[in-house]
Amino acid sequence: LGAFVDSFQIYVVPNGNDSTGTGSAQNPYATIGRAITQRATISSAIECSIIVSSGTYTENFTLAQNTFLCGLATGEQDQPCNVVGNVVMSATAGQVGISGLQVTAPATGLAVSVAGAGAIYSIYNCNITAVGAGAVTFSQGTSYVTECRITGNNVAAQAIVIGSGATAQFRNSAIASQVSNVQSILSCNGTLTMRDCTIQSVNVLATNLQALVQFGGSANKTVDIATCTLSYLNTATDVGGNKCCVQFNNSANTFTVSMTNCVLLCQGAVTGTPQIQCIQKPGAGVVLLSYGNLLAGATANHIAGTITKTALTTVA
(Lines give C-alpha, C1' and ligand atoms only; values in the text may rest on other atoms or scores of the structure.)
Protein backbone atom coordinates (compact mmCIF):
# COMPACT_ATOMS: atom_id res chain seq x y z
CA LEU A 1 0.00 0.00 0.00
CA GLY A 2 2.81 2.42 0.81
CA ALA A 3 4.13 2.28 -2.77
CA PHE A 4 0.72 1.94 -4.38
CA VAL A 5 -0.13 4.48 -7.11
CA ASP A 6 -3.81 4.44 -7.99
CA SER A 7 -5.66 5.60 -11.06
CA PHE A 8 -8.78 6.87 -9.31
CA GLN A 9 -9.46 8.32 -5.86
CA ILE A 10 -12.83 8.60 -4.15
CA TYR A 11 -13.12 10.73 -1.01
CA VAL A 12 -15.27 10.23 2.09
CA VAL A 13 -15.73 12.52 5.10
CA PRO A 14 -18.33 12.26 7.89
CA ASN A 15 -19.95 15.56 6.87
CA GLY A 16 -20.00 14.72 3.17
CA ASN A 17 -23.15 14.03 1.19
CA ASP A 18 -24.16 10.74 -0.41
CA SER A 19 -26.86 12.42 -2.53
CA THR A 20 -25.18 15.53 -3.86
CA GLY A 21 -21.57 14.48 -3.45
CA THR A 22 -19.43 13.37 -6.37
CA GLY A 23 -16.69 11.63 -4.41
CA SER A 24 -14.13 14.30 -5.25
CA ALA A 25 -11.90 15.89 -2.63
CA GLN A 26 -13.98 19.07 -2.92
CA ASN A 27 -17.38 17.29 -2.83
CA PRO A 28 -16.93 13.99 -0.94
CA TYR A 29 -19.38 11.28 0.04
CA ALA A 30 -20.49 10.69 3.63
CA THR A 31 -20.22 6.90 3.76
CA ILE A 32 -17.81 4.23 2.62
CA GLY A 33 -20.72 2.25 1.21
CA ARG A 34 -21.60 5.07 -1.17
CA ALA A 35 -17.98 5.28 -2.29
CA ILE A 36 -17.97 1.53 -2.98
CA THR A 37 -21.10 1.94 -5.12
CA GLN A 38 -19.31 4.60 -7.12
CA ARG A 39 -16.20 2.44 -7.37
CA ALA A 40 -18.29 -0.32 -8.96
CA THR A 41 -18.91 1.94 -11.95
CA ILE A 42 -15.17 1.85 -12.71
CA SER A 43 -13.56 -1.22 -14.27
CA SER A 44 -12.29 -3.70 -11.68
CA ALA A 45 -9.05 -3.91 -13.66
CA ILE A 46 -8.30 -0.30 -12.72
CA GLU A 47 -6.82 0.45 -9.29
CA CYS A 48 -8.95 2.70 -7.11
CA SER A 49 -8.45 4.17 -3.62
CA ILE A 50 -11.20 5.23 -1.26
CA ILE A 51 -9.73 7.94 0.98
CA VAL A 52 -11.47 8.42 4.33
CA SER A 53 -10.98 11.41 6.61
CA SER A 54 -10.94 11.43 10.41
CA GLY A 55 -14.17 10.31 12.00
CA THR A 56 -16.28 7.24 12.73
CA TYR A 57 -17.97 5.17 10.02
CA THR A 58 -20.46 2.62 11.35
CA GLU A 59 -21.18 0.33 8.43
CA ASN A 60 -20.49 -3.09 6.93
CA PHE A 61 -19.05 -3.34 3.44
CA THR A 62 -17.07 -5.42 0.94
CA LEU A 63 -13.93 -4.28 -0.87
CA ALA A 64 -13.55 -5.95 -4.26
CA GLN A 65 -10.72 -6.34 -6.78
CA ASN A 66 -8.14 -3.54 -6.99
CA THR A 67 -9.82 -1.47 -4.28
CA PHE A 68 -7.91 0.13 -1.41
CA LEU A 69 -9.47 1.75 1.65
CA CYS A 70 -7.01 4.28 3.08
CA GLY A 71 -7.20 6.26 6.30
CA LEU A 72 -4.62 8.38 8.10
CA ALA A 73 -1.89 6.04 9.30
CA THR A 74 -0.37 7.32 12.56
CA GLY A 75 1.25 4.14 13.83
CA GLU A 76 -0.42 4.73 17.20
CA GLN A 77 -2.77 2.60 19.25
CA ASP A 78 -5.65 4.92 18.35
CA GLN A 79 -6.16 5.84 14.72
CA PRO A 80 -8.26 8.89 13.74
CA CYS A 81 -10.22 6.99 11.06
CA ASN A 82 -12.58 4.57 12.81
CA VAL A 83 -14.63 1.86 11.12
CA VAL A 84 -17.18 0.09 13.31
CA GLY A 85 -18.44 -2.93 11.41
CA ASN A 86 -17.38 -5.91 9.35
CA VAL A 87 -14.84 -5.19 6.63
CA VAL A 88 -14.85 -7.91 3.96
CA MET A 89 -11.98 -8.10 1.46
CA SER A 90 -12.88 -10.42 -1.41
CA ALA A 91 -11.53 -10.89 -4.93
CA THR A 92 -10.34 -13.66 -7.25
CA ALA A 93 -7.63 -11.57 -8.91
CA GLY A 94 -5.71 -8.34 -8.43
CA GLN A 95 -5.23 -6.68 -5.06
CA VAL A 96 -7.34 -5.50 -2.14
CA GLY A 97 -6.06 -3.50 0.82
CA ILE A 98 -6.79 -1.42 3.89
CA SER A 99 -4.42 0.99 5.67
CA GLY A 100 -4.42 3.55 8.44
CA LEU A 101 -7.69 2.44 10.03
CA GLN A 102 -9.08 1.64 13.44
CA VAL A 103 -11.44 -1.30 12.77
CA THR A 104 -13.73 -2.42 15.58
CA ALA A 105 -16.01 -5.38 15.05
CA PRO A 106 -19.77 -5.04 15.50
CA ALA A 107 -21.43 -6.72 18.49
CA THR A 108 -21.57 -9.94 16.48
CA GLY A 109 -19.38 -10.96 13.58
CA LEU A 110 -15.78 -10.47 12.57
CA ALA A 111 -13.90 -7.22 12.25
CA VAL A 112 -12.06 -8.19 9.05
CA SER A 113 -12.77 -11.12 6.71
CA VAL A 114 -10.47 -12.07 3.84
CA ALA A 115 -11.76 -14.42 1.13
CA GLY A 116 -11.19 -15.16 -2.51
CA ALA A 117 -8.41 -17.31 -3.95
CA GLY A 118 -6.05 -15.77 -6.47
CA ALA A 119 -5.97 -12.27 -4.99
CA ILE A 120 -3.31 -10.46 -2.94
CA TYR A 121 -4.51 -8.77 0.24
CA SER A 122 -2.76 -6.11 2.31
CA ILE A 123 -3.52 -4.88 5.84
CA TYR A 124 -1.11 -2.08 6.75
CA ASN A 125 -0.81 0.05 9.89
CA CYS A 126 -4.26 -0.82 11.22
CA ASN A 127 -5.64 -1.43 14.70
CA ILE A 128 -8.18 -4.26 14.61
CA THR A 129 -10.27 -5.13 17.68
CA ALA A 130 -12.69 -8.02 18.06
CA VAL A 131 -15.92 -7.78 20.09
CA GLY A 132 -18.21 -10.82 19.84
CA ALA A 133 -16.19 -13.07 17.53
CA GLY A 134 -12.68 -13.12 16.05
CA ALA A 135 -10.69 -10.14 14.83
CA VAL A 136 -9.47 -11.41 11.44
CA THR A 137 -10.22 -14.54 9.40
CA PHE A 138 -8.20 -15.43 6.32
CA SER A 139 -10.09 -17.98 4.22
CA GLN A 140 -8.23 -17.89 0.91
CA GLY A 141 -5.66 -15.93 -1.04
CA THR A 142 -2.29 -14.50 0.01
CA SER A 143 -2.32 -11.83 2.71
CA TYR A 144 0.32 -9.45 4.05
CA VAL A 145 -0.21 -7.92 7.51
CA THR A 146 2.33 -5.22 8.37
CA GLU A 147 2.70 -2.88 11.35
CA CYS A 148 -0.69 -3.75 12.81
CA ARG A 149 -2.10 -4.17 16.30
CA ILE A 150 -4.70 -6.95 16.47
CA THR A 151 -6.68 -7.65 19.65
CA GLY A 152 -8.98 -10.61 20.20
CA ASN A 153 -12.18 -10.62 22.20
CA ASN A 154 -13.28 -11.65 25.67
CA VAL A 155 -15.19 -14.72 24.49
CA ALA A 156 -13.79 -18.13 23.57
CA ALA A 157 -12.65 -17.34 20.03
CA GLN A 158 -9.27 -16.96 18.38
CA ALA A 159 -8.15 -13.47 17.45
CA ILE A 160 -6.86 -14.71 14.08
CA VAL A 161 -7.90 -17.74 12.03
CA ILE A 162 -5.97 -18.79 8.92
CA GLY A 163 -7.88 -21.31 6.82
CA SER A 164 -6.37 -24.20 4.89
CA GLY A 165 -6.58 -22.31 1.60
CA ALA A 166 -4.83 -19.18 2.86
CA THR A 167 -1.25 -17.97 3.04
CA ALA A 168 -0.52 -15.21 5.55
CA GLN A 169 2.62 -13.21 6.26
CA PHE A 170 2.85 -11.02 9.36
CA ARG A 171 5.57 -8.41 9.93
CA ASN A 172 6.17 -5.96 12.77
CA SER A 173 2.76 -6.62 14.31
CA ALA A 174 1.42 -7.10 17.85
CA ILE A 175 -1.32 -9.68 18.45
CA ALA A 176 -3.01 -10.21 21.81
CA SER A 177 -6.05 -11.60 23.56
CA GLN A 178 -8.24 -9.65 25.95
CA VAL A 179 -8.10 -10.26 29.67
CA SER A 180 -10.70 -13.03 30.04
CA ASN A 181 -10.11 -14.93 26.78
CA VAL A 182 -8.74 -18.43 27.36
CA GLN A 183 -8.70 -19.54 23.70
CA SER A 184 -5.63 -19.72 21.48
CA ILE A 185 -4.75 -16.38 19.92
CA LEU A 186 -3.89 -17.60 16.43
CA SER A 187 -5.21 -20.75 14.76
CA CYS A 188 -3.62 -21.81 11.48
CA ASN A 189 -4.52 -24.58 9.03
CA GLY A 190 -2.79 -22.73 6.20
CA THR A 191 0.69 -21.41 5.48
CA LEU A 192 2.23 -18.90 7.89
CA THR A 193 5.26 -16.61 7.96
CA MET A 194 5.94 -14.27 10.89
CA ARG A 195 8.74 -11.71 11.29
CA ASP A 196 9.35 -9.31 14.19
CA CYS A 197 5.98 -9.92 15.85
CA THR A 198 4.71 -10.32 19.40
CA ILE A 199 1.89 -12.63 20.44
CA GLN A 200 0.75 -12.37 24.03
CA SER A 201 -2.02 -13.75 26.22
CA VAL A 202 -2.97 -11.10 28.78
CA ASN A 203 -5.31 -13.35 30.82
CA VAL A 204 -3.74 -13.44 34.30
CA LEU A 205 -6.65 -15.19 36.05
CA ALA A 206 -7.30 -18.52 34.34
CA THR A 207 -5.52 -21.77 35.19
CA ASN A 208 -6.66 -23.60 32.06
CA LEU A 209 -5.21 -21.83 29.03
CA GLN A 210 -4.82 -22.79 25.39
CA ALA A 211 -1.69 -22.67 23.26
CA LEU A 212 -0.87 -19.21 21.95
CA VAL A 213 -0.53 -20.49 18.37
CA GLN A 214 -2.21 -23.69 17.18
CA PHE A 215 -1.56 -25.45 13.89
CA GLY A 216 -3.72 -28.12 12.31
CA GLY A 217 -5.17 -29.22 9.02
CA SER A 218 -4.94 -32.22 6.74
CA ALA A 219 -2.39 -31.02 4.16
CA ASN A 220 1.36 -30.58 4.29
CA LYS A 221 2.24 -27.02 5.30
CA THR A 222 5.23 -24.76 5.90
CA VAL A 223 5.74 -22.44 8.87
CA ASP A 224 8.47 -19.81 9.20
CA ILE A 225 8.73 -17.78 12.41
CA ALA A 226 11.70 -15.49 13.09
CA THR A 227 12.54 -12.75 15.59
CA CYS A 228 9.22 -13.09 17.40
CA THR A 229 8.17 -13.13 21.07
CA LEU A 230 5.39 -15.46 22.22
CA SER A 231 4.42 -15.07 25.86
CA TYR A 232 1.84 -15.36 28.63
CA LEU A 233 1.41 -12.71 31.29
CA ASN A 234 -0.12 -15.53 33.35
CA THR A 235 2.56 -17.58 35.17
CA ALA A 236 0.10 -19.76 37.10
CA THR A 237 0.34 -23.53 36.72
CA ASP A 238 -1.86 -24.72 33.87
CA VAL A 239 -4.22 -27.55 34.86
CA GLY A 240 -5.35 -28.36 31.32
CA GLY A 241 -2.04 -29.24 29.71
CA ASN A 242 -2.39 -26.95 26.70
CA LYS A 243 -0.39 -23.97 27.94
CA CYS A 244 2.46 -23.65 25.47
CA CYS A 245 3.66 -21.17 22.90
CA VAL A 246 3.17 -23.33 19.80
CA GLN A 247 1.10 -26.50 19.41
CA PHE A 248 0.87 -28.75 16.33
CA ASN A 249 -2.41 -30.69 16.24
CA ASN A 250 -1.92 -32.20 12.82
CA SER A 251 -3.40 -35.49 11.65
CA ALA A 252 -1.56 -37.39 8.91
CA ASN A 253 0.21 -34.40 7.41
CA THR A 254 3.71 -32.97 7.72
CA PHE A 255 4.65 -29.51 8.97
CA THR A 256 8.03 -28.20 7.87
CA VAL A 257 8.90 -25.54 10.42
CA SER A 258 11.69 -23.00 10.84
CA MET A 259 12.00 -20.98 14.07
CA THR A 260 14.94 -18.65 14.64
CA ASN A 261 15.77 -15.83 17.04
CA CYS A 262 12.54 -16.22 19.05
CA VAL A 263 11.62 -15.79 22.71
CA LEU A 264 9.12 -18.34 24.06
CA LEU A 265 7.68 -17.74 27.53
CA CYS A 266 5.12 -20.19 28.89
CA GLN A 267 6.06 -20.41 32.56
CA GLY A 268 3.74 -22.64 34.53
CA ALA A 269 3.10 -25.24 31.85
CA VAL A 270 1.66 -28.37 33.45
CA THR A 271 4.18 -30.65 31.75
CA GLY A 272 6.97 -29.90 34.21
CA THR A 273 9.08 -27.15 35.66
CA PRO A 274 8.53 -23.64 34.24
CA GLN A 275 8.49 -23.42 30.46
CA ILE A 276 8.83 -27.16 29.75
CA GLN A 277 7.59 -27.96 26.24
CA CYS A 278 7.12 -24.51 24.80
CA ILE A 279 6.51 -26.35 21.52
CA GLN A 280 4.09 -29.29 21.71
CA LYS A 281 2.94 -31.93 19.25
CA PRO A 282 0.02 -34.03 20.48
CA GLY A 283 -1.51 -36.60 18.16
CA ALA A 284 -0.38 -38.03 14.84
CA GLY A 285 1.44 -36.42 11.96
CA VAL A 286 5.01 -35.18 11.56
CA VAL A 287 6.67 -31.92 12.56
CA LEU A 288 10.12 -31.25 11.09
CA LEU A 289 11.57 -28.37 13.09
CA SER A 290 14.73 -26.46 12.29
CA TYR A 291 15.57 -24.01 15.02
CA GLY A 292 18.25 -21.59 16.12
CA ASN A 293 18.62 -19.08 18.95
CA LEU A 294 15.41 -19.96 20.77
CA LEU A 295 15.32 -18.34 24.19
CA ALA A 296 13.24 -20.81 26.19
CA GLY A 297 15.61 -22.13 28.81
CA ALA A 298 17.39 -25.37 27.92
CA THR A 299 15.93 -25.49 24.41
CA ALA A 300 16.15 -29.23 23.83
CA ASN A 301 13.99 -29.84 26.90
CA HIS A 302 11.32 -27.42 25.80
CA ILE A 303 10.50 -28.99 22.43
CA ALA A 304 8.30 -32.10 22.48
CA GLY A 305 10.28 -35.29 22.03
CA THR A 306 7.95 -36.38 19.23
CA ILE A 307 9.16 -33.48 17.07
CA THR A 308 12.05 -34.13 14.69
CA LYS A 309 14.55 -31.39 15.50
CA THR A 310 17.52 -29.94 13.63
CA ALA A 311 19.58 -27.24 15.31
CA LEU A 312 20.61 -24.66 12.76
CA THR A 313 24.32 -23.90 12.63
CA THR A 314 23.62 -20.63 10.84
CA VAL A 315 20.72 -18.25 11.12
CA ALA A 316 19.32 -16.82 7.90
Is there a path of hydrophobic side-chain contacts, each under 4.5 Å between heavy atoms, that joins [X] and [Y]?
X    : Y    : result
V114 : V161 : no
Y232 : L205 : no
L110 : L69  : no
Y121 : V112 : yes
I225 : I307 : yes

Would you tell me whether [X] and [Y] have side-chain atoms, one donor and one acceptor, within less than 3.5 Å of each other?
X    : Y    : value
S184 : Q214 : yes
T22  : S24  : yes
T146 : R171 : no
N293 : N261 : yes
N66  : Q95  : no
T31  : D18  : yes
N125 : R149 : yes
S49  : Q9   : no
S180 : N154 : yes

| request: Quickly, which of I279, I199, L186, I185 forms a side-chain contact (heavy atoms from CB on, under 4.5 Å) with L230? Name it, please. | output: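 Among I279, I199, L186, I185, the one meeting side-chain contact (heavy atoms from CB on, under 4.5 Å) with L230 is I199.
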| message | If we check side-chain contact (heavy atoms from CB on, under 4.5 Å) with I303, which of these qualifies: T308, V287, L289? | response |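 Going through the options one by one, the only one that passes is L289.
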Check: [Y] main-chain N/O paired with [X] side-chain donor or acceptor under 3.5 Å:
X    : Y    : result
S177 : V202 : yes
Q178 : G152 : yes
N172 : E147 : no
T20  : N17  : no
K243 : A236 : yes
N60  : G85  : no
E59  : G33  : yes
T41  : Q38  : yes

Nearest 0.5 Å, what's the [atom1]-[atom2] distance between [X] and [Y]?
X    : Y    : atom1 : atom2 : value
M194 : C188 : CE    : SG    : 9.5 Å
K221 : N253 : NZ    : CG    : 9.0 Å
N181 : Q158 : CG    : CD    : 8.5 Å
S258 : L288 : OG    : CG    : 12.0 Å
S139 : M89  : OG    : CE    : 12.5 Å
S53  : L72  : OG    : CG    : 6.5 Å

Non-hydrogen atoms of [X] and [Y] that approach each other most closely:
X    : Y    : answer
A105 : A130 : CB-CA, 4.2 Å
V96  : A91  : CG2-CB, 3.8 Å
Y57  : P14  : OH-CD, 3.2 Å
C278 : C244 : O-CB, 3.6 Å
Q280 : N242 : OE1-CA, 4.4 Å
N27  : G21  : OD1-CA, 3.5 Å

| task | Could you walk me through whether I175 and T198 pass the side chain to side chain contact (heavy atoms under 4.5 Å, CB included) test, one step at a time? | result | CA-CA 6 Å; I175 306 164; T198 61; over 6 Å; no
| query | F255 and F215: ring-ring contact (aromatic ring centres under 6.0 Å, His included), yes or no, with the steps? | reply | CA-CA 9 Å; F255 275 108; F215 293 94; 5.7 Å; yes
Please examine the side chains of [Y] and [X], heavy atoms only from C-beta on, and report whether any two atoms are closer than 4.5 Å.
X    : Y    : answer
V83  : I32  : yes
T167 : F138 : no
T310 : Y291 : no
T104 : N82  : no
S201 : L212 : yes
R34  : I10  : no
N234 : L209 : yes
Y29  : T37  : no

| Does the side chain to side chain contact (heavy atoms under 4.5 Å, CB included) test come out yes or no for N208 and V182, once each step is laid out? | CA-CA 7 Å; N208 191 349; V182 298; over 6 Å; no
| said: L63 vs I36, test: side chain to side chain contact (heavy atoms under 4.5 Å, CB included). Steps then yes/no. | reply: CA-CA 7 Å; L63 301 173; I36 289 173; 3.9 Å; yes
| Should M259 and V257 be marked as a side chain to side chain contact (heavy atoms under 4.5 Å, CB included) after you check the CA-CA gap, both sets of side-chain angles, and the distance that decides it? | CA-CA 7 Å; M259 292 189 69; V257 184; 4.0 Å; yes
